[in-house]
Amino acid sequence: MITLALLTLLVDDELITIQKGELPIVISAPHGGRRAIPDCPLRIDTSRPQFVTVLDTSSDQLAEETAREVEKALGKKPWLIIARFSRKYVDANRSEQNGTESDAGRAVYRRYHQALEEAVGEVRKQFQHGLLLDFHAQGADSKTVFRGTNNLASVKTTLDHFGDESINGPESFLGKLESQGITIYPPRAQFRDKENKSFNGGFITQTYGATSKRGIDAIQLEFGASFRSKLTLSGTAQKIAIALQSHSARYFVKR
Ligand SMILES: [Zn+2]
């Protein structure tokens, strides 16, 4: 039987990567992990809403590489929280009720969300607002990145303060991704179109995004396979960092 103290040690070292940040940027990747959680049974209750156990392949690596590129581009670290545990044991992008089925699972789930809460809280304290990017992978369209903002609700702070161009302008985060050849859905020109229902922003975006009183702006990014292959992954990370650099110079102004 594994003790709670040992599990705590394991969580930070082996099961969750946590980097404290210096920028108003938070990067999260809940579905890219492959490790088993000690003494945690596999999730089996398919009656839970949105029960999924598949891996978001390489989304963890893409998040990690992006954090490195952001530090290179901006000279400071973003906050980074990456699940190394497999979604077969815990789904951190669901409510605790729906994403866990055991005590060991709940302990790991809570640590992931504690780290997210701390990151978002610190960003709010130091910068008033910021941007959380929740990294995922999808198999529906390899050449597209699906935007998930609960149809712009989770980026409401920036949108209200700076207007449409902060979301669809050429120097905005999404605009700059598009101008570097990354296809975003909905596209910039129709940015108010409804998002794809399967990818429109899950528990993390809803909980830590601008829809929440204690949140910051949040975007779920669902990357197709063409952006996260061995050959393309580091280029994708560089483009995301360039887009964040452009966005932060214009839309991270203190109020
Ligand atoms: Zn996912």
Side-chain angles (χ1 to χ4, degrees), residues 10-19 21 25-38 40 42-43 50-71 77-94 96 98-100 105 107-116 119 131-148 177 182 198-208 218-241 244:
L10 274 171
V11 165
D12 279 4
D13 261 5
E14 303 285 335
L15 296 176
I16 305 176
T17 298
I18 298 169
Q19 171 179 284
I25 296 169
V26 182
I27 294 170
S28 154
H31 290 159
R34 293 170 182 269
R35 291 185 187 151
I37 298 173
C40 181
L42 292 166
R43 294 164 60 225
Q50 293 180 289
F51 182 89
V52 180
T53 58
V54 294
L55 175 74
D56 282 6
T57 309
S58 302
S59 57
D60 54 338
Q61 220 183 314
L62 184 56
E64 192 170 7
E65 191 74 24
T66 298
R68 261 200 295 270
E69 292 296 336
V70 167
E71 190 176 349
K77 287 183 184 359
W79 293 82
L80 179 65
I81 301 132
I82 300 176
R84 305 300 186 183
F85 57 85
S86 163
R87 196 182 190 184
K88 290 177 186 164
Y89 300 87
V90 166
D91 190 335
N93 195 31
R94 299 287 183 270
E96 185 178 306
N98 294 334
T100 64
V108 173
Y109 178 96
R110 283 176 191 167
R111 184 68 189 107
Y112 193 92
H113 283 275
Q114 192 187 18
L116 269 177
L131 187 61
L132 182 155
L133 300 177
D134 198 32
F135 279 52
H136 294 263
Q138 49 79 20
D141 184 345
S142 75
K143 292 190 163 67
T144 296
V145 178
F146 289 91
R147 180 197 87 193
L177 284 181
I182 294 182
S198 307
F199 310 119
N200 62 0
F203 183 79
I204 288 175
T205 309
Q206 288 160 28
T207 306
Y208 302 100
I219 305 175
Q220 182 171 315
L221 296 168
E222 293 272 359
F223 292 91
S226 70
F227 302 102
R228 47 190 168 82
S229 74
K230 265 189 188 142
L231 286 174
T232 59
L233 189 137
S234 64
T236 304
Q238 282 167 19
K239 287 174 185 175
I240 299 167
L244 279 169

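We number each residue from 1, following the sequence as shown.
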Participant: Do any N or O atoms from the side chain of Gln206 and from the backbone of Gly201 form a donor-acceptor pair under 3.5 angstrom?
Facilitator: yes
Participant: Can you name the closest pair of heavy atoms from Ser59 and Ala137 and give their distance?
Facilitator: CB-N, 4.3 Å
Participant: Nearest 0.5 Å, what's the CD1-CD distance between Ile37 and Glu14?
Facilitator: 12.5 Å
Participant: Check whether any side-chain N or O of Arg68 sits under 3.5 Å from a backbone N or O of Ala63 as a donor-acceptor pair, and report yes or no.
Facilitator: no
Participant: When the ring centroid of Phe85 is compared with that of His31, is the distance short of 6.0 Å?
Facilitator: no
Participant: To the nearest 0.5 Å, what is the distance between OG (Ser198) and CD (Gln138)?
Facilitator: 9.5 Å
Participant: Between Tyr89 and Thr53, does any side-chain donor sit less than 3.5 Å from a side-chain acceptor?
Facilitator: no
Participant: Mind checking what makes salt bridge (charged side-chain N to carboxylate O under 4.0 Å, His left out) contact with Arg34, not counting sequence neighbours?
Facilitator: none
Participant: Does Asn200 offer a backbone N or O that forms a donor-acceptor pair with the side chain of Gln220 under 3.5 Å?
Facilitator: no
Participant: Let me see the working for Thr66 and Leu133 under side chain to side chain contact (heavy atoms under 4.5 Å, CB included), right down to the final yes or no.
Facilitator: CA-CA 11 Å; Thr66 298; Leu133 300 177; 5.7 Å; no
Participant: So which atom in Ala29 and which in Asp134 form the shortest heavy-atom distance, rounded to 0.1 Å?
Facilitator: N-OD1, 4.2 Å
Participant: Do any N or O atoms from the side chain of Tyr112 and from the backbone of Ile81 form a donor-acceptor pair under 3.5 angstrom?
Facilitator: yes
Participant: Would you please classify the geometry between the Phe223 ring and the Phe135 ring as parallel, tilted or perpendicular, with 30° and 60° separating the classes?
Facilitator: tilted
Participant: When you compare the side chain of Leu15 with that of Pro38, does any pair of heavy atoms fall below 4.5 Å?
Facilitator: yes
Participant: Looking only at non-hydrogen atoms, find the nearest pair between Gly148 and Thr205 and report the distance.
Facilitator: O-CG2, 3.8 Å
Participant: Give a yes or no answer on whether the side chain of Thr144 reaches the backbone of Asp141 with a donor-acceptor pair at less than 3.5 Å.
Facilitator: no
Participant: Return the minimal non-hydrogen interatomic distance between Ile16 and Val108, and the atom names on each side.
Facilitator: CD1-O, 3.7 Å
Participant: Report the C-alpha distance between Leu116 and Ser28 in whole Å, list the side-chain angles of each, state the deciding distance to 0.1 Å, and finish with yes or no for side chain to side chain contact (heavy atoms under 4.5 Å, CB included).
Facilitator: CA-CA 8 Å; Leu116 269 177; Ser28 154; 4.0 Å; yes
Participant: Report yes or no: does Tyr109 contribute a side-chain atom to a donor-acceptor pair with the main-chain N or O of Glu96 at less than 3.5 Å?
Facilitator: yes
Participant: For the residue pair Trp79 and Gln19, establish whether any side-chain heavy-atom pair is separated by less than 4.5 Å.
Facilitator: no
Participant: Do Leu177 and Val145 come within less than 4.5 Å of each other through their side chains, counting heavy atoms only?
Facilitator: no
Participant: So, taking the atom named CD1 in Ile240 and the one named CD1 in Ile27, what distance separates them when rounded to the nearest 0.5 Å?
Facilitator: 8.0 Å
Participant: I'd like to check Leu131 versus Val26 (side-chain heavy atoms, cut-off strictly below 4.5 Å). Are they in contact?
Facilitator: no
Participant: Main chain of Arg147, side chain of Glu222: is a donor-acceptor contact present, judged purely on distance under 3.5 Å?
Facilitator: no
Participant: Just jot down the ring-ring contact (aromatic ring centres under 6.0 Å, His included) partners of Phe227, sequence neighbours excluded, or say none.
Facilitator: none
Participant: Is the backbone of Ser142 close enough, under 3.5 Å, to the side chain of Ser226 for a donor and an acceptor to pair up by distance?
Facilitator: yes
Participant: Nearest heavy-atom pair of Ala237 and Leu62: which atoms, and what distance?
Facilitator: N-CD1, 4.0 Å
Participant: Show every salt bridge (Lys or Arg N to Asp or Glu O under 4.0 Å) that has at least one partner inside residues 77-93, sequence neighbours left out.
Facilitator: Asp56-Arg87, Asp60-Arg84, Glu64-Arg84, Glu71-Lys77, Arg87-Asp91, Asp91-Arg94
Participant: Is there a side-chain contact between His113 and Ile204, using heavy atoms and a 4.5 Å cut-off?
Facilitator: yes
Participant: Using atom types as modelled and distance alone, determine if a side-chain donor or acceptor of Ser58 lies under 3.5 Å from a backbone N or O of Gln61.
Facilitator: no
Participant: Do Thr236 and Glu65 have side chains that approach each other closer than 4.5 Å (heavy atoms only, starting at C-beta)?
Facilitator: no
Participant: Where is the tightest heavy-atom contact between Leu55 and Gly32, given as atom of each residue plus distance?
Facilitator: CD1-O, 3.4 Å
